[in-house]
Protein chains: 2
Amino acid sequence: MSQGNTGVTSQVVHAEGCPVREVLDRVAGKWSVMIIVAAAHGPIRFTELERSVEGISRRMLTLTLRNLERDGLVTRTVHPTVPPKVEYELTPVARELHASLLGLTDWAERHRVTIAESRAAYDALHRPELLDA
Amino acid sequence: MSQGNTGVTSQVVHAEGCPVREVLDRVAGKWSVMIIVAAAHGPIRFTELERSVEGISRRMLTLTLRNLERDGLVTRTVHPTVPPKVEYELTPVARELHASLLGLTDWAERHRVTIAESRAAYDALHRPELLDA
DNA sequence: CTGAATCCTACGGGATACTG
DNA sequence: CAGTATCCCGTAGGATTCAG
C-alpha cells in the first residue's frame, strides 16, 4: 500500500445496542433535558414546570414527562387535593444524568462564542446568499 | 395561600441563549455524536466513516459532516490525489466535547438495564395493548 | 390545576440516481 | 472516492379544544 494504510483501526460505532445512541435517543427530544434541569432543584409541580421551561407547550410537557417517567427518570406524585396537585421529582438515576450533563453545559458555555464565530465565518464563505438576514 | 409556596425557587430554563439547549441542538441529530466518536481516534476518511458509523446514509454523512465543520468541530482536508482523498479530523473543541460525552455514555451503560426494566414495567401497567409484540 | 384528544405542518432523514 | 440532487415519508411537536 504505497498510500499507506492509516494504521488507525477505525472501530465501528454500532448502531443497535450502542450506549451512545441510547442515551441520545432518550435525551434527544426538544424538552427532556430542559425539564430535567428545571426539576433538578427538587420536587416541582406541573404548572411550575410549564413556567420554568420557557416555550414548552402543555402537550409536550405532558408527553415528555410521561416518557421520563416511563424511563424511570422522574417520579409522579399525585396529591388528592382540590385543586389537584401533582409533583414531579428526579430519581437518583436522573440526578446522575444531570451531573453528567453538567460537563456538557460547561463545554457549551466555554465554547459558545467560538462556535458562533465559526458558524459566521463558514456561512460567509459558503453561504453568501444569506448574509443580509 | 394556605397551601403555601414551595419555598423552592424554580428557576426558569431560558429557551434562547440557554447553553443546555445549544449543545443539545448541536448534538441532537441522529448522527453527529456517532461521527464524533468514530473520528475520535484520529483523522478518518469519508468512506471509513461511512463504514464505521453503522447505518448512516451517504447523504446524512455529508450533511452532518458539513454541520460539524460549520460549527468548527471537524476540519476537512482534501488531498488533491486521484482518486480523491478527504480526511476529517476532530478539532480540539470537539475533543473536549467527546470527553464530556464519555460521562454520558458511562451513565448510559450503568443504567441501561434499569431503564429497560423501568420501561417494561411502565408499559405493563399503562399500555396493556402492546404486550404481545 | 393537570391533563387527554385532535388536527395539522415542518423538517429530519431514508432511498435512489447522477457527477467530478 | 467523495460527494450532490431529488423525491418521499414518518413523526416530533405546535395550536387548539375538551375534561376530571
Side-chain angles (χ1 to χ4, degrees), chain A residues 1-6 10 15-16 21 24-35 38-39 43-70 74-89 126-127, chain B residues 1-6 10 15 21 24-35 38-39 43-70 74-89 126-127 129:
Chain A
M1 288 48 173
S2 58
Q3 286 299 351
N5 68 50
T6 61
S10 57
E16 4 68 50
R21 266 257 57 78
L24 254 37
D25 286 343
R26 181 144 25 252
V27 152
K30 192 172 178 181
W31 303 109
S32 301
V33 169
M34 294 181 77
I35 289 179
I44 184 172
R45 300 184 57 174
F46 186 86
T47 309
E48 291 177 329
L49 276 174
E50 200 172 4
R51 279 192 303 265
S52 295
V53 182
E54 206 157 274
I56 196 171
S57 66
R58 190 174 267 100
R59 172 183 138 86
M60 285 317 294
L61 180 54
T62 302
L63 283 182
T64 309
L65 282 172
R66 289 292 169 277
N67 284 328
L68 291 175
E69 193 189 352
R70 185 164 101 107
V74 306
T75 59
R76 177 172 178 271
T77 310
V78 181
H79 298 84
T81 63
V82 43
K85 172 177 176 178
V86 180
E87 284 190 321
Y88 292 91
E89 183 173 16
H126 306 321
R127 315 253 186 85
Chain B
M1 297 4 188
S2 56
Q3 288 299 349
N5 69 52
T6 61
S10 57
R21 266 257 56 80
L24 254 38
D25 286 344
R26 181 145 24 250
V27 151
K30 192 172 178 181
W31 303 108
S32 300
V33 170
M34 294 181 77
I35 289 179
I44 184 172
R45 300 184 56 173
F46 186 87
T47 309
E48 290 176 330
L49 276 173
E50 199 172 3
R51 280 193 301 266
S52 295
V53 182
E54 207 156 275
I56 196 172
S57 66
R58 188 172 270 109
R59 171 183 137 89
M60 286 316 295
L61 179 53
T62 302
L63 284 181
T64 309
L65 282 172
R66 289 291 170 276
N67 283 329
L68 291 175
E69 193 189 353
R70 185 164 102 106
V74 305
T75 59
R76 177 172 179 273
T77 310
V78 181
H79 298 84
T81 61
V82 43
K85 172 176 176 177
V86 180
E87 283 190 320
Y88 293 90
E89 183 172 16
H126 306 319
R127 329 261 280 246
E129 68 279 14

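First the proteins, then the strands, lettered A, B, ... as listed; each starts at 1.
In this structure, A:Trp31 atom CH2 and D:dT11 atom P are separated by 22 Å, rounded to whole Å. Distance, B:His126 NE2 to C:dA4 C1': 15 Å, rounded to whole Å. If you measure from atom CE of A:Met60 to atom P of D:dA15, you get 12 Å, rounded to the nearest angstrom. Taking atom OH of A:Tyr88 as the reference point, atom C1' of C:dG3 lies 8 Å away to the nearest angstrom. One can place CG of B:Asn67 at 14 Å from P of D:dG3, the figure rounded to the nearest angstrom. Taking atom CG of residue A:Leu63 and atom P of nucleotide D:dA15, one finds them 14 Å apart after rounding to whole Å. In this structure, CG of B:Leu61 is placed 13 Å from C1' of C:dG13, rounded to the nearest angstrom. Rounded to whole Å, atom P of D:dG14 lies 12 Å from atom CD of A:Glu50.
One N or O donor and one acceptor, one from the side chain of B:Arg59 and one from the base of C:dG14, sit under 3.5 Å apart.
Note on B:Thr62: a base of the nucleic acid sits closer than 4.0 angstrom, heavy atoms only.
The closest donor-acceptor contact from the side chain of B:Glu50 to the backbone of B:Thr47 lies at 3.5 Å or more, if one exists at all. For A:Glu48 (side chain) and A:Arg45 (main-chain N/O), a donor-acceptor pair under 3.5 Å exists by modelled atom type.
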Fill in: Derivation of the side-chain contact (heavy atoms from CB on, under 4.5 Å) call for B:Ile44 and B:Ser52
CA-CA 10 Å; B:Ile44 184 172; B:Ser52 295; 4.0 Å; yes
Worksheet item: Should A:Tyr88 and A:Leu65 be marked as a side-chain contact (heavy atoms from CB on, under 4.5 Å) after you check the CA-CA gap, both sets of side-chain angles, and the distance that decides it?
Response: CA-CA 8 Å; A:Tyr88 292 91; A:Leu65 282 172; 3.6 Å; yes
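Taking 4.0 angstrom as the limit, A:Arg58 places none of its side-chain polar atoms (N or O) nearer than this to OP1 or OP2 of C:dA4. For B:Ser57 and C:dG13, the shortest distance from a side-chain N or O to OP1 or OP2 is not below 4.0 Å. For the pair B:Arg45 and D:dA2, the criterion of a side-chain N or O lying under 4.0 Å from OP1 or OP2 is met. The phosphate of D:dT4 (OP1 or OP2) has a side-chain N or O of B:Arg66 nearer than 4.0 angstrom.
You'll find that the side chain of B:Lys30 is closest to C:dG13, out of D:dC1, D:dA2, C:dG13. Nearest to the side chain of A:Pro84, among C:dG13, D:dA2, C:dC1, sits C:dC1.
Of all heavy-atom pairs between B:Thr64 and B:Met60, the closest is OG1-O, 2.7 Å.
In this structure, A:Ile56 and B:Thr47 both approach DNA chain D, and ranking their closest nucleotides by distance from the 5' end singles out B:Thr47.
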